[in-house]
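Each chain gets a letter, A, B and so on, in the order the sequences are listed, and its residues count up from 1.
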Amino acid sequence: MTRTQEGRSEERVCRPAHAPGLPSLRTAARLPAAFYERETTTVARELLGRILVRRLEGELLAGVIVETEAYGPDDPASHAWRGETRRNAVMFGPPGRLYVYLTYGMHWCMNAVTGPPGIGEAVLIRALEPLAGLEAMRRNRGGVPDRLLCSGPARACQALGITGAENGADLAGDAVYILEERVPVERVAAGPRIGIRHAVERPWRFHIPGSPHVSRR
DNA sequence: AGGATGATTCTCT
DNA sequence: GAGAATCATCCTT
């Protein structure tokens, strides 16, 4: 346990930014499009433990993906359910792109597009374990406890400064990218997705059990 | 042109 | 556990 400036007690949550064995955030290989061009639930599981990197104003922010949700195939809960529209068009494009949308008028959420072109499927990135650029994340998130910096799809986007401007970005590019190397993931838990009205029974939410950074403890 | 609707978060009880 | 905030998008007149 450590003490924050405000005196709250909280768990020590972050891996050392330069721990041995962690890849270089700038130069390490990124996941190729072929990784994403597979069954969406498989991609959702295998994104856990990968490092998502955000280049923001010359600074590198990063976090380990600890929670995801699969959307598709044949999924009434998916934005793609009623076909392609202007908002969800990126979902129907090539895999390995970022699909960013606005919900409730104020919250951005990000997805990794999966499956072959023409198929509208994606993986919602729901939570990250902050790894680098924590000062910027704290700034972007308004000084909440570190455990809450990226513990939800909109929180993660706010922490990383991801908005509609990043919609369609190539995840093998330089603005937002995901590394190929994976930190050890002991177990993966599967359960119902959060906040949806349709197809609530499908166990398409995946997370690393025990992580203090998932959206629900 | 207008109304309904969220893959959420925060604050309060 | 409930309610509000807040608006781009989508679907119906």
Does OP1 or OP2 of [N] have a side-chain N or O of [X] closer than 4.0 Å?
| X | N | answer |
| --- | --- | --- |
| His79(A) | dA7(B) | yes |
| Arg87(A) | dG6(B) | no |
| Arg141(A) | dT9(B) | no |

For this session: Can you figure out which of dC10(C), dT6(C), dG6(B) approaches the side chain of Met106(A) most closely?
Result: dT6(C)

For this session: Ignoring the backbone of Ala154(A), work out which of dT9(B), dC11(C), dG6(B) is nearest its side chain.
Result: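 Among the listed nucleotides, the one closest to the side chain of Ala154(A) is dT9(B).
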
Exercise. Going through the checks in order, is the side-chain contact (heavy atoms from CB on, under 4.5 Å) test met by Leu56(A) and Leu160(A)?
Worked result: CA-CA 8 Å; Leu56(A) 185 63; Leu160(A) 296 179; over 6 Å; no

For this session: State which residue, out of Glu166(A), Met110(A), Glu59(A), fulfils the side chain to side chain contact (heavy atoms under 4.5 Å, CB included) condition with Arg54(A).
Result: Glu166(A)

Exercise. Between the side-chain atoms of Tyr101(A) and the base atoms of dA8(C), is any donor-acceptor pair under 3.5 Å?
Worked result: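 No pair found.
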
For this session: Return the value, rounded to whole Å, for the distance between atom CZ of Phe206(A) and atom P of dA7(B).
Result: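 Whole-Å distance recorded here is 18 Å.
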
Problem set entry | Whole angstrom value for the distance that separates P of dT8(B) from CD1 of Ile162(A) | 16 Å

Exercise. Within a strict 4.5 Å, meaning less than it, do heavy atoms of the Asn167(A) and Tyr99(A) side chains meet?
Worked result: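 Yes, their side chains come closer than 4.5 Å.
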
Problem set entry | Pair assignment for dA7(B), Watson-Crick or G-U wobble, requiring both distances under 3.5 Å |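 Looking at the geometry, dA7(B) pairs with no nucleotide.
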
Exercise. CD1 of Ile208(A) to CD of Glu129(A): how many Å apart, nearest 0.5 Å?
Worked result: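 If I round to the nearest 0.5 Å, the distance is 8.0 Å.
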
Exercise. Just wondering, do Tyr104(A) and dA5(C) stack (centres under 5.5 Å, planes under 30°)?
Worked result: no

Problem set entry | Given DNA chain B, 5'-ward residue of the pair Gly152(A) and Arg197(A), judged by closest heavy atom | Arg197(A)

